[in-house]
Number of protein chains: 2
Amino acid sequence: MARQDERSATTQARILAAARTLFLGRPYADVTTDMIARAAEVTKGGLYHHFPSKEQLYVSMMLGDLEGKRKLFEEAVDMGGTCRERLARLTRDFLDLPDEESGLMRLVRRDVNTFGGEDRDRLVRAYQRALPEQVEAIVRDGIRNGELAPADPRLLSWSFVALVEIVIGDYAARVLGDAETRLDHVLGLFFEGAETVPAKVMA
Amino acid sequence: MARQDERSATTQARILAAARTLFLGRPYADVTTDMIARAAEVTKGGLYHHFPSKEQLYVSMMLGDLEGKRKLFEEAVDMGGTCRERLARLTRDFLDLPDEESGLMRLVRRDVNTFGGEDRDRLVRAYQRALPEQVEAIVRDGIRNGELAPADPRLLSWSFVALVEIVIGDYAARVLGDAETRLDHVLGLFFEGAETVPAKVMA
DNA sequence: TTACCGACCGGCTGGCCGGTCGGTAAGTTG
DNA sequence: CAACTTACCGACCGGCCAGCCGGTCGGTAA
C-alpha cells in the first residue's frame with residue numbers, strides 16, 4: 001500500500017518536473033500534453049490519471065514551486081538586522097537559485113493572462129505571497145525605522161523586484177560578473193540611486 | 001485609383017487596430033483570425049487578402065507602432081538640457097500615452113518568445129530602438145558629464161525602463177495620482193534611491 | 001485462491017483554427 | 001463598352017491537440 005502511493009508520488013513528481021522544464025521554454029499553448037507525457041516517460045493516459053486537465057497540471061506545478069520560494073524568502077523576512085541586510089539576504093537567495101527556478105517568477109507573470117477566473121487569482125496570489133509581499137514587509141520596516149524615505153511600500157517593493165529581475169539574465173552576468181557584484185549593484189541602485197553621490201560617509 | 005488605394009488603406013488600418021486591441025487583451029495563441037476579422041468588420045478572406053499570415057499581421061502591427069514610439073521618444077533624446085530633464089521629458093511622453101499605446105511595450109516583451117528566427121529578431125530590435133536604446137543614449141551622456149555615477153549604461157537604462165513600467169498601471173495611479181506625481185516618483189527613485197536623504201541642498 | 005483496486009496504456013475523436021480557393025461585384029483602363 | 005484588376009466574401013479543408021475510454025497488469029486484501 002505504501003508501495004503504491006510511493007510509486008504514484010514519484011510519477012507525479014516526474015510529470016511536474018517535465019512540465020516545468022517545457023513550460024519554461026515555450027508559451028503555454030505551444031506545450032502539448034503529449035510532449036509533457038513523453039518527457040516524463042508516461043503516456044497521455046497516465047498523465048490524465050494524475051491530473052484532471054492541462055490547466056490544472058500547470059497550476060499545480062506553479063503553486064507548489066511558488067510555495068517553495070515563499071518559504072525560502074521568508075527566512076530573510078524573519079531574520080534580524082537592518083532593512084538593507086535583510087533585502088541583501090533575500091536577493092542573494094534569489095540570485096543563487098538555478099536558472100530553472102528563478103525563471104519561474106518570470107513565467108508566472110508571462111502566463112497569468114492565459115488563464116481566467118479562479119485559477120488566475122490563485123496564481124497571482126501565490127506569486128504575490130512568494131515574493132512581492134515579503135519584500136514589502138521588509139520595506140515597510142525600513143520606512144518605519146527611518147532607513148527608507150516615506151513612500152508607498154508596495155510600490156517600492158515592486159520596484160525592487162523589478163530591479164532584481166534585470167540583474168538576472170545573461171547580459172548582467174556578463175557585465176557585472178559574479179552574484180555578489182550583481183547584488184551590490186541592485187542594492188546600491190535601490191538605496192542610493194544612480195546619481196553621483198556627493199561624497200558620503202568619509203571618515 | 002486613388003479611390004481604391006484609399007479604401008484598401010483604411011481597411012488595413014481597421015484590421016490593424018482590431019488586432020492591436022485583441023492582442024492586448026489575450027495571449028497571441030488565444031486570438032483567432034476569425035475574431036480579428038469580425039472585430040474589423042471584414043471576413044477572414046478579406047483579412048488574408050491584405051496580410052499573408054497571422055504572424056505577419058502581428059509583426060506588421062507591432063513594427064508600425066514601435067516606429068511611432070521611437071519617433072516620439074527621439075524628441076527627448078534630441079532636446080537639450082540635463083540628463084534628468086531629458087529623462088523627465090521622455091517619461092512624461094510615456095505616461096501621457098493612452099493605455100492601449102503604453103500597453104504595447106509590455107506586449108512585445110510578453111509575446112516575443114512566441115516567435116522564432118527572423119520575426120523574433122525584428123521585434124526585439126524594433127523594441128530596443130523604440131525605448132531602451134534612447135534611454136541609454138541619455139544615460140550615457142549623464143555618465144559622461146558626471147550627473148550619473150559610472151555604471152553600465154545599458155543596465156541602467158533597462159532599470160529605468162523597468163521603474164517606469166511599474167508606475168503605469170492602476171495601483172500606481174491610485175496611490176500616486178496624476179502623471180506629474182508619478183513622474184517625480186520615478187525620477188526620485190532612479191536618481192536618489194529609496195533611502196532617506198541626509199538633508200540635501202538645504203540652503 | 002479469489003476478488004478487487006489503482007496505476008498506467010494508447011488508440012481515438014470532436015472541435016477548433018490557420019489558411020485556401022472559387023466566386024462576385026465594384027472600380028479602373030483603353 | 002469590353003477587358004481587366006482589385007477588394008472582399010464565406011464555405012471549406014487539413015492538421016493538431018485536449019481529453020476520453022476501454023483495456024491490461026501488477027499488486028493488495030480477505
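Per chain, numbering begins at 1; letters A, B, ... match sequence-line order. The model shown is predicted, which means the values in this text are computed figures rather than measured ones.
Within the structure, a side-chain polar atom (N or O) of B:S8 is placed less than 4.0 Å from OP1 or OP2 of D:dA7. Neither OP1 nor OP2 of C:dG10 sits under 4.0 Å from any side-chain N or O of A:T43. For B:H49 and D:dA7, the shortest distance from a side-chain N or O to OP1 or OP2 is below 4.0 Å.
D:dC17 atom C1' lies 15 Å from atom CZ of A:R26, rounded to whole Å. Whole-Å rounding puts the A:R14 CZ to C:dC8 C1' distance at 11 Å. Look at CZ on B:R38: it is 12 Å from C1' on C:dC17, rounded to the nearest Å. Put simply, CZ on A:R7 is 18 Å from P on C:dC5, counting in whole angstrom units. In this structure, CD of A:E41 is placed 10 Å from P of C:dC9, rounded to the nearest angstrom. In this structure, B:L47 places its CG atom 11 Å from C1' of C:dG18, rounding to the nearest Å. For the pair A:L57 CG and D:dG19 P, the computed distance is 10 Å after rounding to whole Å. The CG atom of B:D5 sits 12 Å away from the P atom of D:dC8 (whole-angstrom rounding).
When each of D:dA7, C:dC9, D:dA18 is scored by its nearest atom to the side-chain atoms of A:T33, the top-ranked nucleotide is D:dA18. Considering only the side chain of B:Y48, C:dG19 comes nearest among D:dG10, C:dA7, C:dG19. With C:dC8, C:dG19, D:dA18 as the candidates, the nucleotide lying closest to the side chain of A:T11 is C:dC8. When the nucleotides C:dC9, C:dG19, D:dA18 are ranked by their closest atom to the side chain of B:S53, C:dG19 comes out on top. Of the candidate nucleotides C:dC9, C:dG19, C:dG11, C:dG19 has the atom lying nearest to any side-chain atom of B:K44. Counting only heavy atoms from C-beta on, A:H50 has its side chain closest to C:dA7 among D:dA18, D:dC8, C:dA7.
A salt bridge is absent between A:E118 and A:R122; no separation between the charged side-chain nitrogens and carboxylate oxygens falls under 4.0 Å. For the pair B:R92 and B:E180, the salt-bridge criterion is met [side-chain N within less than 4.0 Å of a carboxylate O]. A salt bridge links B:K69 and B:E101; the closest N-O separation between the charged side-chain nitrogens and carboxylate oxygens is under 4.0 Å. Taking the charged nitrogens against the carboxylate oxygens, B:E147 and B:R84 have no contact shorter than 4.0 Å, which rules out a salt bridge.
Nearest heavy atom pair, residue A:A130 against residue A:M105, reads CB-CE, 4.5 Å. The nearest pair of heavy atoms linking A:E165 to A:F94 is OE2-CZ, 4.5 Å.
The 5' end of DNA chain D is approached more closely, in terms of each residue's nearest nucleotide, by B:Q12 than by the other of B:Q12 and A:D30.
Base pairing of D:dG27: its partner is C:dC4, meeting the Watson-Crick or G-U wobble criterion (both donor-acceptor distances under 3.5 Å).
When heavy atoms are screened at a 4.0 angstrom cut-off, A:T32 is found touching the sugar-phosphate backbone but no base atom.
Below the 3.5 angstrom threshold, one finds no donor paired with an acceptor across the side chain of B:K54 and the base of C:dG19.
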